[in-house]
Amino acid sequence: MQGPYSGALIALTTRHGKELALSRVFAAGLGARLQLCDHDTDQLGTFSGEIPRLADAAATCRAKALLGMEAAGLSLGLASEASFGPHPAMPMLPVGQELLLFLDQERDLCLIEQRLEWRTNYSHLLLEPGVLPDAWLRQVRFPSHAVIARPSLPQAGGMFKGLSNHVALAEAMECCRLADPDGCVWLETDMRAHCNPTRMRSIRRLGVVLVRRLQTPCPECGSPGWGLIDTQAGLPCSECGTPTELTLSEIWGCETCGARRSQPRRDGRLSAEPGQCPWCNP
Ligand SMILES: [Zn+2]
Ligand SMILES: [Zn+2]
């Protein structure tokens with residue numbers, strides 16, 4: 001396979017099995033191999049229940065990638081970062097923000113792909129004595145997605161992570177009830193990637209987008225990494241022509257030389273439904 005990263009070795013910083021989501025994508029798309037660096041900074045409990053600003057999440061992700069690159073002595077690195085919490089504009093809706101960052105020190109290239117994941121199972125539950133969590137467990141897709149149990153009073157005792165079968169969960173809940181002064185149990189979803197297939201799918205999707213971008217050279221300078229960096233709203237209404245919130249055009253660009261090109265939507269759509277128009281359907 002020909003390409004800028006064919007045969008390359010890329011450091012992947014993870015302790016949570018993210019290579020399962022990314023190795024094949026990078027091998028098939030770029031001919032690159034991932035070298036695992038068992039040095040993860042996202043310890044349990046750092047999922048704080050808030051979505052940080054993108055710039056802050058990106059800085060954390062970059063630091064994580066650099067840790068792995070230093071440990072492995074490689075100039076190429078990959079790391080991912082996630083956070084979960086209420087949607088900033090719609091507090092009733094939990095969302096996940098997934099980030100995947102690629103660093104190439106020789107080319108001085110840093111690419112970030114990110115997505116808001118609406119299908120996240122992120123949730124928690126305070127369980128009173130005598131109440132069964134069955135409905136909640138179905139909602140968070142247990143046992144395919146693992147959960148965490150602890151006494152409702154955090155000081156009261158230990159935490160049981162990665163619970164992914166009914167026997168282990170029942171035992172953990174019993175321990176937590178006995179340790180808690182009120183007999184209450186705190187349950188939450190275990191968001192670590194290896195415990196959460198929904199996250200694994202998100203990470204793989206980001207990997208596909210990132211690889212496609214690394215396959216695409218900039219039309220101006222030839223550097224890898226040409227891709228979508230922004231969208232411009234204003235797709236006109238099909239009835240009255242008023243610009244809507246929908247994407248009118250895509251801005252593609254190159255991080256290396258700063259080239260930018262505006263191009264029509266990839267789906268070829270030229271107008272919006274009147275239902276989405278602020279004039280026809282305010
Ligand atoms: Zn360029
Ligand atoms: Zn209209």
Side-chain angles (χ1 to χ4, degrees), residues 5 7-49 51-52 54-85 95-105 109-117 119-122 144-148 159 161-164 188-214 225:
Y5 298 108
L9 205 51
I10 304 172
L12 169 66
T13 316
T14 183
R15 191 185 287 163
H16 296 150
K18 290 169 191 162
E19 71 277 10
L20 296 174
L22 294 170
S23 287
R24 204 182 303 166
V25 176
F26 274 75
L30 294 176
R33 278 186 305 132
L34 304 183
Q35 177 165 324
L36 213 56
C37 299
D38 182 12
H39 197 126
D40 206 336
T41 49
D42 72 18
Q43 291 141 1
L44 191 66
T46 58
F47 294 118
S48 64
I51 306 274
L54 188 59
D56 296 337
T60 308
C61 203
R62 190 188 173 100
K64 201 190 276 190
L66 282 169
L67 269 176
M69 291 158 71
E70 256 165 49
L74 294 171
S75 64
L76 301 174
L78 195 60
S80 93
E81 178 75 13
S83 40
F84 305 92
V95 288
Q97 182 192 58
E98 289 280 357
L99 231 74
L100 185 63
L101 177 139
F102 174 82
L103 267 183
D104 179 341
Q105 280 179 321
L109 180 67
C110 176
L111 293 179
I112 298 172
E113 292 294 344
Q114 61 114 8
R115 61 184 273 139
L116 271 190
E117 183 55 80
R119 269 164 301 191
T120 180
N121 68 331
Y122 177 77
S144 70
H145 292 61
V147 299
I148 295 172
M159 180 186 257
K161 322 172 212 171
L163 300 167
S164 60
E188 63 184 65
T189 45
D190 194 333
M191 301 311 290
R192 294 174 298 165
H194 65 298
C195 294
N196 196 304
T198 301
R199 272 205 69 199
M200 279 295 197
R201 267 198 297 279
S202 293
I203 294 169
R204 181 163 50 235
R205 285 200 186 99
L206 281 180
V208 169
V209 175
L210 182 61
V211 161
R212 196 174 298 147
R213 189 178 186 128
L214 287 169

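These numbers come from a predicted model, not from an experiment. Numbers here simply count residues along the sequence, with the first being 1.
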Participant: Look up atom CE in Met159 and atom CD1 in Ile148, then write down how far apart they are to the nearest 0.5 Å.
Facilitator: 5.5 Å
Participant: Do Thr198 and His145 have side-chain N/O donor and acceptor atoms under 3.5 Å apart?
Facilitator: yes
Participant: Do you know the tightest heavy-atom contact between Gly68 and Cys37?
Facilitator: O-SG, 3.3 Å
Participant: Test Lys18 against Thr13 for side chain to side chain contact (heavy atoms under 4.5 Å, CB included), laying out the working first.
Facilitator: CA-CA 9 Å; Lys18 290 169 191 162; Thr13 316; over 6 Å; no
Participant: Using 0.5 Å steps for rounding, measure from the CD atom of Glu19 to the CG atom of Leu12.
Facilitator: 6.5 Å
Participant: What I'd like to find out is whether the side chain of Leu210 reaches to under 4.5 Å of the side chain of Leu78, using heavy atoms alone.
Facilitator: yes
Participant: Atom CD1 of Ile112 and atom OG of Ser80: how far apart are they, to the nearest 0.5 Å?
Facilitator: 12.0 Å
Participant: Just how far is it from atom CG of Asn196 to atom CG of Asn121, taken to the nearest 0.5 Å?
Facilitator: 4.5 Å
Participant: Do Ser202 and Glu117 pair up side chain to side chain, a donor and an acceptor below 3.5 Å, judged on atom types alone?
Facilitator: yes
Participant: Got Arg192 and Lys161 here, is their nearest side-chain heavy-atom distance under 4.5 Å?
Facilitator: yes
Participant: Mind checking whether Leu100 and Leu22 have side chains closer than 4.5 Å, heavy atoms only?
Facilitator: yes
Participant: For Arg212, give me all partners under salt bridge (Lys or Arg N to Asp or Glu O under 4.0 Å), at least two apart in sequence or on another chain.
Facilitator: none
Participant: Do Leu36 and Thr14 have side chains that get closer than 4.5 Å, going by heavy atoms?
Facilitator: yes
Participant: Looking only at heavy atoms, which two atoms of Lys64 and Glu81 are closest? And how far apart?
Facilitator: NZ-OE1, 2.9 Å
Participant: Kindly give the heavy-atom pair with the smallest separation between Leu214 and Phe26, and that separation in Å.
Facilitator: CD1-CE2, 4.3 Å
Participant: Within the 4.5 Å heavy-atom criterion, are Tyr122 and Val95 side-chain neighbours or not?
Facilitator: no
Participant: Check the pair Val209 / Arg213 against side chain to side chain contact (heavy atoms under 4.5 Å, CB included), numbers first and verdict last.
Facilitator: CA-CA 6 Å; Val209 175; Arg213 189 178 186 128; 5.7 Å; no
Participant: Can you see which heavy atom on Glu98 is nearest to which on Ile203, and at what distance?
Facilitator: OE1-CG1, 3.7 Å
Participant: Is there a side chain to side chain contact (heavy atoms under 4.5 Å, CB included) between Tyr5 and Asp104? Walk through the geometry before answering.
Facilitator: CA-CA 10 Å; Tyr5 298 108; Asp104 179 341; 2.6 Å; yes
Participant: Applying side chain to side chain donor-acceptor pair (under 3.5 Å), name anything that partners His194, two or more places apart in sequence or on another chain.
Facilitator: none
Participant: Quick check for you: to the nearest 0.5 Å, what is the distance between Phe84 atom CZ and Glu188 atom CD?
Facilitator: 12.0 Å
Participant: If you look at every heavy atom in Ala193 and His16, which pair is closest and at what distance?
Facilitator: CB-O, 3.8 Å
Participant: Any salt bridge (Lys or Arg N to Asp or Glu O under 4.0 Å) pairs touching residues 71-80, not counting sequence neighbours?
Facilitator: none
Participant: Is there a donor-acceptor pair closer than 3.5 Å between any side-chain N or O of Arg62 and the backbone N or O of Leu101?
Facilitator: no
Participant: Side chain to side chain contact (heavy atoms under 4.5 Å, CB included) for Met69 and Ile10? Distances and angles first, verdict last.
Facilitator: CA-CA 8 Å; Met69 291 158 71; Ile10 304 172; over 6 Å; no
Participant: Could you check whether any side-chain N or O of Asp190 sits under 3.5 Å from a backbone N or O of Gly162, counting only pairs where one atom can act as donor and the other as acceptor?
Facilitator: yes
Participant: Compare every heavy atom of Leu54 with every heavy atom of Leu99, then report the nearest pair and how far apart it is.
Facilitator: CD1-CD1, 3.5 Å
Participant: Charged N to carboxylate O below 4.0 Å: is that the case for Arg115 and Glu113?
Facilitator: no
Participant: Give, for atom CE of Met200 and atom SG of Cys195, the distance between the pair rounded to the nearest 0.5 Å.
Facilitator: 9.0 Å
